[in-house]
Each structure stands twice: as structure tokens, then as C-alpha cells.
Amino acid sequence: MGQFDDVYTSWQSDPQAFWARAAEDVVWTKRWDTVLDDSNPPFYRWFVGGTTNTCYNAVDRHVDEGRGSQPAIIYDSPVTNTVETITYAQLKERTAAFAGALAGLGVRYGDRVILYMPMIPEAVVAMLACSRIGAIHSVVFGGFASKELATRIDDAKPKVIVAASCGLEGQRVVHYKPLLDRAIELAEHKPNACIIKQRPQEEATLVMGRDWLWEDAVAQAEPAKCVPVKAEDPVYILYTSGTTGKPKGVVRATGGHLVTLKWSMPNIYGMDTGDVYWAASDVGWVVGHSYIVYAPLFHGCTTILYEGKPIGTPDAGAFWRVIEQHKVKAMFTAPTALRAIKKEDPQGKLLEKYDLSHYRAQFLAGERCDPDTLKWAEDHLKVPVIDNWWQTETGSPIASNCLGIELLPFKPGSPTRAVPGYEVHALSPEGEEMPPGEIGSLAIKLPMAPAALPTLWNNDDRFIESYMAEFPGYYQTGDAGIVDADGYLHVMSRTDDIINVAGHRLSTGGMEEVLASHQDVAECAVIGVADEVKGQVPLGFLVLKDGVNRPHEEIVKEVVAMVRDRIGPVAAFKQATVVLRLPKTRSGKILRATMQKIADGESFATPATIDDPAILEEIATSLQTIGYARKG
Ligand code: COA
Ligand code: AMP
């Protein structure tokens with residue numbers, strides 16, 4: 001047996017002993033009494049009886065252990081021409097001060113705080129400050145519109161909202177403050193106060209009596225100490241797309257989060273304390289939570305906070321410039337970023353300008369890594385390119401090649417094998433194990449690693465219904481795939497209506513709700529179609545109400561604007577086509593998968609249950625008019 005097998009078997013034979021050993025690397029204010037309380041499945045509670053503090057483990061611990069002068073964060077912002085280094089000692093000071101400001105505005109243990117922030121140091125400071133005082137943060141990605149923010153405000157019921165005046169998306173200024181004001185107007189729940197970080201690029205107008213300037217809130221406060229919280233207490237809620245327009249509030253428990261993420265840094269990512277680690281994502285996504293903020297800081301690494309894009313800020317060499325300049329040892333991004341770079345610099349000419357001799361590994365996650373992109377990255381970067389499969393729900397990889405344990409042979413298109421903490425099965429609809437190499441629903445045997453979600457915020461029923469009901473004893477991932485004869489996983493597609501656009505997880509059901517609300521639309525469907533850079537992009541089909549004879553382009557323009565306004569630019573919904581009818585089964589189910597195959601020019605079998613096969617011809621014809629279904 002190799003080293004990886006040894007470690008995996010040691011987890012599998014006694015998961016509680018395995019995670020108890022890992023928990024020794026975390027600083028506890030009180031040690032746990034029980035490693036795992038599994039008396040009420042599928043609700044699992046880890047490190048019961050233990051108390052700790054997330055911010056202490058991310059920040060103060062390193063100062064106390066003599067790493068105060070080490071850089072904790074390097075903020076690199078090509079869009080503002082700024083590079084700022086923040087040491088652990090400075091981060092402690094800034095975090096304690098802001099935690100005091102939150103406490104001064106009435107935020108207490110267990111209260112929620114929503115953060116609507118661009119990639120600036122204040123976003124990280126605010127996240128850590130919440131956990132310092134036992135408050136629960138919920139970061140909302142800046143690419144979501146007011147209505148999405150309002151839905152999250154109503155679900156999380158924050159006492160305070162923290163935002164910045166603006167974000168910078170390449171050349172575009174995103175006006176966060178008006179988006180926030182509108183969201184608060186739309187929401188039923190109103191926060192007691194908002195704290196606004198004014199950026200030099202745009203000064204926001206404050207609402208009297210409600211809004212505080214970041215600096216004023218800090219000036220009137222006493223720095224706050226770390227408050228011990230229970231291991232099971234939520235450290236954060238992160239909303240993610242479900243099958244309806246209402247997002248799911250994934251809860252992360254303090255103790256399990258600390259233990260699993262701290263373990264992942266040396267074992268999965270091969271990182272040592274003091275190393276520079278970079279996840280080129282956004283703090284609004286789970287990759288940002290786990291691998292921009294928490295895991296690197298728990299492990300005493302230096303993390304890069306990059307406010308820029310892989311291309312255009314200023315060019316497709318931006319990532320390589322950051323790796324060279326800050327001596328990054330390993331970097332994490334989505335394959336879409338590499339596809340964007342590859343498209344602009346196919347020969348990797350810009351890469352040659354930089355010295356990446358210290359660079360050790362490239363990690364990818366968020367979507368399937370297509371073999372072409374993998375090969376391009378391997379050829380040009382000349383380091384292991386390691387695909388990770390995981391979800392917002394798990395908070396850390398389910399499957400990965402483990403750089404810090406033993407690199408197993410790579411298989412293009414596979415994120416390798418399940419890591420300790422996860423036992424993955426491909427199941428038939430009846431819950432039977434599929435033979436090796438045959439596609440099934442990917443399901444994880446319970447309990448999962450301690451970082452995995454204990455439940456959904458205030459919604460145990462939806463937790464059971466969404467993940468636990470289909471295969472008792474297993475968590476249903478929503479992904480379909482294969483476990484091959486060597487135990488390697490191949491994640492192929494979603495089993496629900498979620499699509500993956502530029503590594504962002506989006507619900508087509510949510511977009512359909514918006515299209516259906518247009519006055520002229522009788523029926524609609526949204527599918528994800530293949531895109532060279534983003535992997536998938538959404539495409540809408542509209543059936544108009546009888547008697548509507550306005551120009552179709554006008555209606556398409558209106559629904560595109562509605563999705564941008566209600567969901568946000570991140571939906572990247574830019575195309576729709578008007579059709580006479582939608583293909584359906586005799587029981588009325590829209591045949592979205594067949595429509596997707598037609599759009600992508602793939603071969604397909606006409607479903608036996610189809611109501612009227614002639615409709616597929618009509619769909620192909622209208623897709624051809626907008627440049628799809630090229631191969632027929
Ligand atoms: N705030 C406001 N708007 C945002 C935003 C934010 N934080 N992030 C993205 N948007 C906007 C974009 O500006 C774009 O708007 P547009 O329609 O006006 O152009 C829209 O949302 C879609 O964004 P995106 O899908 O990111 O497309 P893009 O064309 O701007 O960039 C990539 C494409 C591939 C360069 C970019 O998606 C990328 O770098 N992705 C990889 C890294 C990543 O973030 N992965 C996520 C999880 S690991
Ligand atoms: P999110 O919760 O936003 O991280 O999205 C999780 C979903 O993205 C998964 O359920 C998969 O559908 C997809 N995904 C993430 N990483 C991978 C990967 N490495 N390979 C294939 N699909 C992935």
C-alpha cells in the first residue's frame with residue numbers, strides 16, 4: 001500500500017480517532033468531550049463539549065506563537081494599482097478594532113452580519129471580526145443584484161450589514177451602495193445599522209441614522225477580545241443555488257470547519273506554515289471563504305487577496321506576475337480562468353516573462369477540468385495540475401490528489417480519489433452500487449468530514465429533503481459520475497437544474513422564475529449550453545402568450561435585462577430565443593436535457609415519452625438562427 005492508501009485507510013477504519021488527532025492542531029479554549037455525536041442522524045455534531053474561537057486560530061494564535069511580523073495578507077489590486085501587506089500583528093489589531101465596532105452597534109454572540117463586499121482587506125477583516133465575537137457572517141457575492149441580496153437579508157435576518165461604496169470589475173465600477181439600499185428597501189427584515197467602507201473610486205451617500213462610516217464605527221469602539229464559542233456553533237452561513245429561486249443557507253460549524261481546513265493545508269495542498277498561498281476566487285464563494293481566508297490563515301500561511309481578473313488587468317500574464325512577485329507556492333483557481341488565459345495567450349508567451357521556479361502546484365476547482373485545459377496548464381506551468389471536486393456544502397475537497405501525502409498517478413478528467421473524510425459511491429436510482437465505470441448519482445456515505453454542512457440555516461426539513469432523503473444513509477451530491485475500477489472519480493454532470501457558469505453555480509430554475517414573470521411570456525425554459533471559456537452559459541427559450549406580436553428581439557432584450565436586474569450580472573444570461581412550443585413528455589415535463597444536446601450539437605435519442613417529436617426540429621431550427629446546433 002502507498003502512503004495515500006495508509007492515510008485513507010486509517011481514516012476509514014476509525015474516523016473519530018482520525019479527526020481527534022487532526023483536532024490537536026487547533027487551539028481550543030475547552031477540549032471536546034465527544035468527537036462525534038451521531039445519535040440523531042443525519043444531523044451530526046462534531047467535537048461536542050469543546051469551545052474555541054475561529055478568529056483566534058486564524059490570527060491571534062500566530063501572534064502569540066511569534067509570527068506577528070509575518071505577512072498574513074497581501075492585497076494585490078491591479079484595478080487600483082495597489083499592493084498592501086498586512087502582518088498577522090496588524091491583522092489582529094484591525095480585526096479586534098472592527099469587532100469592537102460591531103459589538104458597539106449591538107452585535108452579540110449568535111447574531112448574523114451580512115457582508116456585501118468587493119475583494120478588499122476590509123472584507124477579510126469583517127469576516128474575522130464576526131467570528132471574533134461569536135457572530136455569524138454571511139457574505140453575499142457582489143455580482144448578485146438587490147433582489148438576491150434581499151432574499152438573503154430576509155433569511156439570515158442580520159443585525160448589521162457591512163458593505164463598501166463600490167466594487168471594481170475591470171474597468172466597470174459596481175455601485176454597491178445603491179444596490180444595498182434597494183435590497184434593504186425590498187427586504188422585510190431591516191438591519192439596525194450598516195457600516196460602509198468608502199473607497200476613493202466612489203463616495204456613497206449615507207442614510208442618516210442607519211449608516212456608519214467604517215472609520216467612525218471603529219473610532220467609537222473598544223477593541224474586542226476573542227469570545228469562546230461552542231464547536232457546533234455556526235461560524236458562517238453561505239447561500240448557494242438550489243433548484244428553486246430560493247437559495248440554500250449552508251451552515252458551517254465552528255469546530256469541524258477549523259479542524260478539516262487546518263488538516264487540508266499540509267495534507268491536500270502540501271503547504272507549510274509561512275508559505276504563500278493564493279486562491280484566485282472571490283470571498284463571496286466557498287473557495288474564497290475556505291482558501292482565501294480561513295485555511296491559509298489557520299495554517300499560518302500568507303494569503304493573497306487579488307482584486308483583478310485573469311485577463312484584462314492588464315493582460316493574460318496577470319496570474320504569473322502575481323505568482324512571481326509574491327513568491328506564491330501554490331495557487332487555486334477555476335478551469336475557466338485558465339481557458340480565458342489560454343484563449344488570449346495560447347502559446348504561453350506571457351508566462352515566459354516570469355520566474356515561476358518556486359511554484360509547486362496548480363489547483364483547480366469549481367467545475368470539471370476539461371483535458372485540453374489540463375494539458376495546456378501542465379505543458380506551460382510544468383507543475384502538477386490538481387483538480388479538486390467539492391461543493392459549498394462540504395467546504396473543502398471531497399476528491400483530490402493529495403500533494404502533502406502522496407501524488408497518485410493522474411487521470412485527465414478525474415479529480416483522483418476521495419480524500420479522507422469522504423467515501424463516495426455511484427448509485428443507481430434504486431440506491432444500488434453501480435458497477436465500476438458506470439454512471440450513477442454520486443453519493444457520500446454519512447457521516448462526512450467535520451467541515452461538511454450540519455444543516456441548512458433554519459431549515460432542517462429542506463436539508464433532509466435536498467440531500468438526505470433520496471438515498472438513506474448517504475448525502476446526495478447532485479452530481480452524476482463514475483467511480484472507476486481504481487477508485488478514481490469522474491464527475492460528469494448535475495442531476496438537477498443547476499448549471500456551472502465560469503465556475504459559478506447557478507439555478508436555471510431561478511432564471512425561469514424571472515422569465516416567466518415577463519408579461520408576454522406564457523412558458524419558458526432555461527438550459528446551460530457549452531461555452532468555450534465559461535464552460536456553460538444559460539440560454540432561454542420563450543413561448544409567447546397568444547396574441548403577442550411585438551418584435552421578438554425587443555422581448556429578448558427585456559428578459560435579459562430582467563435577469564440582470566433580479567439575479568445579477570453573475571448569471572451571465574445574455575441569450576434567449578422565441579419558440580412556438582417546448583418539447584415535453586406526455587406527462588408535461590420539459591425535455592431540457594434533449595434541448596441541451598441539440599444546442600451543443602451532440603447526438604441524442606428522441607425520448608420515447610415525447611409528446612410530439614416534430615417539436616425537436618422546430619427547436620433545432622430556432623437554435624440555428626442564433627448560432628447553435630451547428631452539428632445538427
Ligand atoms: N461584482 C459585481 N459584478 C461581478 C462580480 C462582482 N464581484 N464578479 C463578476 N461580475 C460580473 C462581471 O463583471 C460580468 O458582468 P458583465 O456581464 O457586465 O460583463 C458578469 O458578472 C459575469 O461575470 P463572469 O462570469 O466572471 O464573467 P467575466 O466575463 O467578467 O469573466 C472570467 C470571465 C473567466 C475571466 C472570470 O469568470 C474568472 O476569472 N473566473 C475564474 C475564477 C472564479 O472566480 N471562480 C469562481 C469560484 S473558484
Ligand atoms: P459550488 O457549490 O459553487 O462549489 O459548486 C459545486 C458544484 O460545482 C459541484 O456540485 C459540481 O457540479 C461542480 N464542481 C465543482 N468542482 C468540480 C470538479 N472538480 N469537477 C467537476 N465538477 C465540479
Side-chain angles (χ1 to χ4, degrees), residues 116-119 123 140-145 164 166-176 179 238-242 248 250 279-292 306-313 316 318-319 332-344 363-370 374 386-400 413-416 442 453 476-481 489-496 498-506 531-537 560 563-564 567-574:
Y116 190 54
M117 307 280 282
M119 290 283 286
V140 179
F141 178 61
F144 283 119
C166 69
L168 301 164
E169 268 295 291
Q171 306 296 318
R172 187 163 68 89
V173 176
V174 182
H175 313 289
Y176 275 58
L179 288 167
L238 180 57
Y239 289 89
T240 189
S241 299
K248 294 171 174 164
V250 169
S281 178
D282 186 288
V283 288
W285 304 114
V286 70
V287 172
H289 278 62
S290 294
Y291 292 105
I292 295 174
Y306 175 70
E307 188 182 30
K309 295 268 176 185
I311 53 172
T313 58
F319 277 14
F332 200 156
T333 192
T336 188
L338 295 187
R339 287 195 296 268
I341 294 170
K342 178 172 128 207
K343 194 169 173 213
E344 297 227 333
F363 291 91
L364 295 175
E367 54 174 330
R368 181 167 182 272
C369 179
D370 53 288
L374 178 78
I386 301 176
D387 183 14
N388 285 182
W389 171 52
W390 52 300
Q391 311 182 310
T392 305
E393 286 83 347
T394 62
S396 69
I398 305 168
S400 177
S414 166
T416 320
L442 293 176
L453 79 172
Q476 180 222 334
T477 64
D479 284 312
L489 306 176
H490 300 258
V491 184
M492 315 299 286
S493 56
R494 290 288 304 191
T495 56
D496 52 19
I498 284 169
I499 57 170
N500 201 312
V501 180
H504 310 317
R505 170 172 161 180
L506 298 165
D531 181 83
E532 197 192 343
V533 172
K534 297 193 177 189
Q536 281 187 306
V537 287
V560 166
V563 175
R564 194 175 172 94
I567 297 179
V570 68
F573 182 87
K574 304 219 158 134

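Residue indices begin at 1 and follow the sequence shown. Numbering of ligands and ligand atoms starts at 1, following listing order. Just so it is clear, the values below take in all heavy atoms, side chains as well, and ignore hydrogens, waters and symmetry mates.
- Between Lys574 and ligand 1 there is a heavy-atom distance shorter than 4.0 Å.
- Heavy-atom distances between Arg339 and ligand 1 stay at or above 4.0 Å for every pair.
- Residue contacts with ligand 1 leave out Gly366, since none of its heavy atoms falls under 4.0 Å from the ligand.
- A pairwise comparison of heavy atoms in Leu442 and Gly481 identifies CG-N, 3.6 Å as the closest pair.
- Heavy atoms from other residues, nucleotides or ligands lying under 6.0 Å from CD of Glu532 number 12 at most.
- One distance of note links CD1 of Ile567 with CG of Leu506; it measures 7.5 Å at 0.5 Å rounding.
- The residue from His504, Lys309, Arg505 that puts a heavy atom closest to atom 43 (C) of ligand 1 is His504.
- For Val501, no heavy-atom contact with ligand 1 is shorter than 4.0 Å.
- Distance from atom 18 (C) of ligand 2 to its nearest protein heavy atom, with residue and atom name: Glu367 O, 3.3 Å.
- Under a 4.0 Å criterion applied to the non-hydrogen atoms of Arg494, ligand 2 contributes the atoms 9 (C), 10 (O), 12 (O).
- Residue contact check: Asp387 has heavy atoms under 4.0 Å from atoms 18 (C), 19 (N) of ligand 2.
- Every atom of ligand 2 with a heavy atom of Val491 under 4.0 Å away is listed here by number and element: 21 (C), 22 (N).
- Closest heavy-atom contact between Ala164 and Pro118: CB-CD, 3.4 Å.
- For the pair Leu338/Leu364, a side-chain contact is recorded, criterion being any heavy-atom separation below 4.5 Å from C-beta on.
- Shown here, atom 32 (C) of ligand 1 is out of close reach of the protein: none of its heavy atoms lies under 4.0 Å off.
- Looking from atom 9 (C) of ligand 2 to the surrounding protein, the closest heavy atom is Asp479 OD2, 3.2 Å.
- Counting only distance, with no hydrogens or angles, the side chain of Asn500 and the backbone of Gln536 share no donor-acceptor pair below 3.5 Å.
- Of the residues Met492, Arg368, Gln391, the one that meets the side-chain contact (heavy atoms from CB on, under 4.5 Å) test with Asp479 is Gln391.
- The shortest non-hydrogen separation linking Leu453 to Val250 is CB-CG1, 3.9 Å.
- Of the protein's heavy atoms, Pro310 CG, 3.6 Å lies nearest to atom 35 (C) of ligand 1.
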Trace of the side-chain contact (heavy atoms from CB on, under 4.5 Å) decision for Lys248 with Thr392: CA-CA 10 Å; Lys248 294 171 174 164; Thr392 305; over 6 Å; no
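- The single protein non-hydrogen atom nearest to atom 3 (O) of ligand 2 is Arg505 CB, 3.3 Å, given as residue, atom name and distance.
- Remark: ligand 1 and Arg172 share an N or O pair separated by less than 3.5 Å (distance only, no angle test).
- Counting atoms of ligand 2 from 1 in the listed order, those under 4.0 Å from a heavy atom of Asn500 are 8 (O), 13 (C).
- For ligand 1, none of its N or O atoms has an N or O atom of Thr336 under 3.5 Å away.
- Here's the thing with Glu169: one of its N/O atoms is less than 3.5 angstrom from an N/O atom of ligand 1.
- For atom 42 (C) of ligand 1, the choice among Gly288, Gly503, Ala280 with the nearest heavy atom turns out to be Ala280.
- At a 4.0 Å heavy-atom cut-off, ligand 2 touches Trp390 through the backbone alone.
- Among Thr333, Thr313, Asp282, the single residue meeting the side-chain hydrogen bond (donor to acceptor under 3.5 Å, both in side chains) criterion with Tyr306 is Thr313.
- The part of Asn388 lying near ligand 2 is the backbone, judged by heavy-atom distances below 4.0 Å.
- Counting heavy atoms closer than 4.0 Å to ligand 1, residue Phe332 contributes nothing at all.
- In this structure, the protein non-hydrogen atom closest to atom 22 (C) of ligand 1 is Pro569 O, 3.5 Å.
- Residue, atom and distance of the protein heavy atom nearest to atom 22 (N) of ligand 2 are Arg368 N, 3.5 Å.
- Here the heavy atom of the protein found nearest to atom 1 (P) of ligand 2 is Thr392 OG1, 3.4 Å.
- The shell of residues lying under 4.0 angstrom from ligand 2, judged by heavy atoms, includes Gly366.
- Here Lys534 has side-chain heavy atoms under 4.0 Å from ligand 1, and that is the only part of it that gets that close.
- The aromatic rings of His504 and Phe141 are tilted relative to each other, their planes meeting at an angle between 30° and 60°.
- Salt-bridge check for Glu393 with Arg505: passed, with a basic side-chain N closer than 4.0 Å to an acidic carboxylate O.
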